[in-house]
Structures are given as structure tokens and as C-alpha cells.
Amino acid sequence: MANVVIVGTQWGDEGKGKVVDLLTGYADCIVRFQGGNNAGHTLVVEGKQYIFHLIPSGILYEDKRCFIGNGVVVDPAVLLQEMDELAAAGLPVTPERLMLSRTAHCIMPYHKSLDKGSEAALAKGKKIGTTGRGIGPCYGDKILRKGIRLGDLLDPAFFRERLVDNVAEKNKLLTELGLPTHDVDAIYDEFQRYAERLAPFLGNVSVALDEARKAGRHILFEGAQGTQLDIDHGTYPFVTSSNTVAGNACTGSGFGPSHIDCVIGIVKAYTTRVGEGPFPTELFDEIGDRIQKKGGEFGATTGRKRRCGWLDMVVVNEAVRLNGINGLAITKLDVLSGLDRLRIATAYEHEGVTHTAMPWNARMTGQVTPCYEEAEGWSEELGEARHFDDLPPKAKAYIRRLEELAGAPAYVVSVGPDREKTILLRNPFESA
Ligand code: GDP
Ligand code: IMO
Ligand code: MG
């Protein structure tokens, strides 16, 4: 029995979907614990690409149980659409295969209007570059104790009462922004239809996970976003609105911390960021363009071009500490093939002072100069490597240096988007 958390160590899009899919093969239960459909997790199985925004990617395995924990914010329309798409692809999502926490908060139509409206109202340079999915306003209402939870949809009188108060308040804000307002009856009717379909899926995720644990099942917690997007520990305010770090796997699903056995941090072999905010190792030259093209670095949710830069070990080491990472999954190593020389940031310099931890605020992070060490590149393509020794010596040296700088061993090295384009060095479910 082992319970494993997978988190992104950078600014998201590290390849969590691919690694989660791979490790799901050894798990029985897969749990989302934070974020919402701002996430875009891509996996490629037998040449077919799947992108999941909300449902854990484990749903592709028919014998696994998937869970959406209380820490997730759920847009019911998106969830039902994802279920319909899976059903159309021959994978019906049944209550036996997916349980939704009754206490997960609903993303309401006014959350989406407010997310887009407030972003549009911000001056250039102040925008966050959100995904526009209503994530921030929904978590905001949760903290302000105004939110509507999935279970509330099953109590029509209570739901209506909460909705009336919320719509009145949000319509005032929307009017101030010069945006269209919302109608209580329209939302009420729409959400009653969702409630009917979602009712059989609602349950007590904490109890179900505890039962699974006691029965000796392997549980995999699938993080969304990345450590630098964490609301507390990331480059605030250029972050998402949830805790993305491993500690939230427990809070966001109702699972006791002493039962977590292993935390795996996903590290892209270089760095990317989508949306606004500081990015010390960002490349603005042809190398950045080349990585962006070869890596296919476009947002899986919004289609935006991802900003690209060198591997930043200040960022990765921050994640090792904050998440208590036991092992690394290094992804997209194949994208670096063909570059003569590689650079790895090991520290930052700011006003004559050297820093090895992330500065505490985004303004300072935007002003630092990365201190680089150089690594030799390799020309060979890596897509066919299945064992560590299949890799060219310089690619091996890059991984060994990354492990050394992080103080954590590589469990997985990924050399392509497909499930089989993987080198599994250590299995967290077997070695935990
Ligand atoms: P996530 O949000 O962390 O799940 O990552 P995304 O799915 O948003 O972005 C990662 C992208 O890289 C996807 O298009 C994956 O199919 C792709 N990918 C994952 N691992 C590898 C790899 O090792 N090599 C290459 N070339 N692509 C990969
Ligand atoms: P996955 O799980 C990359 C970024 C947005 C924006 C900021 C806030 O695929 O790694 P939000 O809509 O969450 O309020 O936007 O966070 N962001 C992501 N960037 N990958 C993601 O998810 C992201 N989810 C949010 O671009 O900068
Ligand atoms: Mg993504």
C-alpha cells in the first residue's frame, strides 16, 4: 500500500498529465484535490491525445476509481461536457468510477463574468493573465463564506436562497464594470438540471478514501498547476487562487497527512510559464523560440503560447522544500536535443546579494539576474530511449546534475508525450 502525491514544481504544464497517467497504472484511486478547469492535462495513449481539465486522467483506466475532492472548484457544465465526451469515446463515466465531494464549490456563471470582467478592467502590466474560468472569484466566495457547494444543489430552497443573495451582490459589481448582469431564475433552472445529473456522483470523498486506504488500496493524488502558482508560496499576485503544494492533497480531499508515503515533483527539463508574472530565466531569443516550437508549448486550456526559458533550480529547489519532494519526474528532455550548450540557473543576484531561495515578492523576482552554470548539450534524438543507459552521456550528465542540485533522485525520465516514451527508474508505489 502506498499513497503518492504528484505536484508540478514550476509554473504548471510540467507534464503532470502524462506522468499521472503512467503511474495510474500502479494505483487504484486517483484524486484531484485543488484547482478547477484552469488545468489542462494532456496525455497520449496509443497515439490518441486526451486533454482533461477536471476529471482525473485515471478515468481512462476502466478499473480505477476517480475522485474530485472538496478542494476543487467545479464548473458543472464543464464537468458534464467532459463526461459526455468520454461517453462518446466509449468510456462512460459512472458513479462507480467517479465520486464528487459534496463540499466542493461550484463555479457559477457570475464567477466567470467577474473573472473576465475584472481582468479586462486591469491596466496593462497589472493583469494576471487568468484562464478566465472563474477560478479566483469562486475561491474568493469560498473564503468569504458565500460559496455554493455541489451538495447545496440538492437542497433547492437553500440553493435558491444562496443564489438570490449572490446574484444581487454580483450584479452590482458587474453593473459597475459595465457588463451584462445575471438572472436568478435562469441560473436556478440551469443548475437544477445539473443537480439531477450529478446527484448520483456526490458522496463523502474523505470517507471513501479512508476506506480505500484501510483496504490497502494505492491512492494517487494528482496536483494541478505548479508550486510557483501557489496562492501562498508562488509569485503572488501572479498565481492561481489555490494551494498547489502537496500539503493541500490532504486538506483538499479530507485525507490524513500521516498516510502520505511519497511526493513526486514533476520537473520540465526547461521552464515555461503561461500568463503574466516574473520569470527570471525567460528566453527572448531564437533558443526560446526553438524550445517553444519543438516542445509544442501552447496552453492546453487557453491555447496561449507559453513563455520558455532555461531550467531554474532556484524554482525547483523551492518546490523540493515546500512539497517535501522524495523523487523527481523529469519531462521533455527530448525537447533539448540539438542545443549545443544548455544553461541551468543555480542562484539569483539582486542588488549585489546572492539568493538561493525565491525572493518573497514578485517585484523583486522580476528584477533578479539568474546566475547560470553551463552544461553540454547533445545532438541525438531521445524518443526511443527506454532505459537510462539508452541516453547519450551528455543527457545522462544533465539529469545527474539536476538530481545533485535538487538533492532528490529521478524516478521517471520522460522523452516524449506518449505513455511508452518513458524511462521508469523507480516506482513510487513499490519503493515508498
Ligand atoms: P500538465 O498541465 O502538467 O499536465 O502539462 P500539459 O499537458 O499542459 O503540457 C505538457 C505537454 O507536453 C503536453 O502536450 C504533453 O503531451 C507533452 N509532454 C509531456 N511529456 C513530454 C515529454 O517528455 N516530451 C515531449 N516532447 N512532450 C511531452
Ligand atoms: P496545469 O494544471 C499553467 C495560470 C494562468 C494565470 C494564473 C491564474 O495545466 O498545469 P487562474 O485562471 O488559475 O486564476 O489563472 O495561473 N494557470 C496555469 N498555468 N498551467 C495551469 O494548469 C494553470 N492554471 C492556471 O495562466 O497566469
Ligand atoms: Mg497544463
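The basis for the numbers below is simple: all heavy atoms, side chains too, and nothing from hydrogens, waters or symmetry mates. Every value quoted in this text rests on a predicted model; they were computed, and no experiment measured them. For ligands, and for the atoms within them, numbers begin at 1 and follow the listed sequence.
- A donor-acceptor pair under 3.5 Å is absent between the side-chain atoms of N323 and the main chain of I325, judged by distance alone.
- For the pair K394 and E376, the salt-bridge criterion is met [side-chain N within less than 4.0 Å of a carboxylate O].
- For atom 8 (C) of ligand 2, the closest non-hydrogen atom on the protein side is V239 O, 3.3 Å.
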*Passes salt bridge (Lys or Arg N to Asp or Glu O under 4.0 Å), E318 versus R321? Steps please.*
CA-CA 5 Å; E318 194 81 0; R321 186 183 74 252; 3.1 Å; yes
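- Taking a cut-off of under 4.0 Å to the non-hydrogen atoms of K16, the atoms of ligand 2 that pass are 1 (P), 2 (O), 10 (O).
- The heavy atom nearest to atom 1 (P) of ligand 2, considering only E14, Q225, K127, E222, is found in Q225.
- The shell of residues lying under 4.0 angstrom from ligand 2, judged by heavy atoms, includes R304.
- Nearest protein heavy-atom contact of atom 3 (C) of ligand 2 is D13 OD2, 3.1 Å.
- A donor-acceptor pair shorter than 3.5 Å can be found between the side chains of D115 and T130.
- Sorted by chain and number, the protein atoms of type N, O or S within less than 2.8 Å of the Mg ion (ligand 3) are D13 OD1, G40 O.
- Every atom of ligand 2 is numbered from 1 in the order shown, and the set under 4.0 Å from a heavy atom of G12 is 10 (O), 20 (N).
- Heavy-atom proximity to atom 15 (O) of ligand 2, evaluated over D115, T130, N37, N38, is greatest for T130.
- Against a heavy-atom cut-off of under 4.0 Å, A224 is close to the following atoms of ligand 2: 2 (O).
- A heavy-atom separation below 4.0 Å is not found between R306 and ligand 2.
- Ion pairing of K16 with E14 is present here, as a side-chain N (NZ or NE/NH1/NH2) and a carboxylate O approach within less than 4.0 Å.
- Side chains of N37 and D75: a donor-acceptor N/O pair is absent below 3.5 angstrom, by distance only.
- K48 forms a cation-pi arrangement with Y50, by the criterion of a distance under 6.0 Å to the ring centre and an angle within 45° of the ring axis.
- With E297 as the partner, the side-chain hydrogen bond (donor to acceptor under 3.5 Å, both in side chains) test is satisfied by one option alone out of R273, R304, R306, Q292: R306.
- Comment: K294 engages E381 in a salt bridge, judged by a side-chain N to carboxylate O separation of less than 4.0 angstrom.
- Of the heavy atoms in R133, none comes closer than 4.0 Å to ligand 2.
- For T94, the side chain to side chain donor-acceptor pair (under 3.5 Å) criterion is met by E96, not counting sequence neighbours.
- The protein heavy-atom contact nearest to atom 19 (N) of ligand 2 is V274 CG1, 3.3 Å.
- Side-chain contact annotation: Q34 with N243, donor-acceptor N/O pair under 3.5 Å absent.
- For ligand 2, the polar-atom distance check finds no N/O of E276 at less than 3.5 Å from any of the ligand's N/O atoms.
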Show every donor-acceptor pair shorter than 3.5 Å between a side-chain atom in residues 274-287 and any protein atom, with sequence neighbours excluded, or say none if there are none.
residue, atom, partner, partner atom, Å
T281, OG1, W310, O, 2.8
E282, OE1, R307, NE, 3.3
E282, OE1, R307, NH2, 2.9
E282, OE2, R307, NE, 3.1
D285, OD1, I287, N, 3.1
D285, OD1, G288, N, 3.1

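- For atom 16 (O) of ligand 2, the closest heavy atom belonging to the protein is L229 CD2, 3.6 Å.
- Looking at R162, K146, K170 one by one, the single match for side-chain hydrogen bond (donor to acceptor under 3.5 Å, both in side chains) with D141 turns out to be K170.
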*Can you check salt bridge (Lys or Arg N to Asp or Glu O under 4.0 Å) on R197 and D84, steps first, answer last?*
CA-CA 11 Å; R197 280 194 66 191; D84 289 343; 2.8 Å; yes
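- At the shortest separation from atom 12 (O) of ligand 2 among protein heavy atoms lies T131 OG1, 2.5 Å.
- Those atoms of ligand 2 that come under 4.0 Å of a heavy atom in A39, given as number and element, are 1 (P), 2 (O), 9 (O), 22 (O).
- Remark: minimum distance from atom 13 (O) of ligand 2 to any protein heavy atom is reached at T240 OG1, 2.6 Å.
- Between the side chains of E222 and H41, at least one donor N or O sits under 3.5 Å from an acceptor N or O.
- Here is the list of ligand 2 atoms found below 4.0 Å of a heavy atom in G40: 1 (P), 9 (O).
- The shortest N or O to N or O distance between S241 and ligand 2 is not under 3.5 Å.
- At a heavy-atom distance under 4.0 Å, no atom of F238 approaches ligand 2.
- Taking the six-membered ring for Trp and the full ring otherwise, the centers of Y348 and H355 sit at least 6.0 Å from each other.
- In summary, E119 and K116 do not engage in a salt bridge, as defined by a charged side-chain N under 4.0 Å from a carboxylate O.
- Counted by atom type alone, N171 and H182 present zero donor-acceptor pairs between their side chains at under 3.5 Å.
- A distance limit of 4.0 angstrom between heavy atoms and ligand 1 selects the residues D13, E14, G15, K16, G17, K18, G40, H41, T42, A300, R306, K332, D334, V335, S414, V415, G416, P417.
- For the pair K64 and Y61, the cation-pi criterion (under 6.0 Å, within 45° of the ring axis) is fulfilled.
- Shown in contact with W11 at under 4.0 Å from a heavy atom are these atoms of ligand 2, numbered in order with element: 3 (C), 19 (N).
- In this structure, F255 has its ring center closer than 6.0 angstrom to the ring center of F221.
- Residue-ligand proximity: G129 is placed with a non-hydrogen atom under 4.0 Å from ligand 2.
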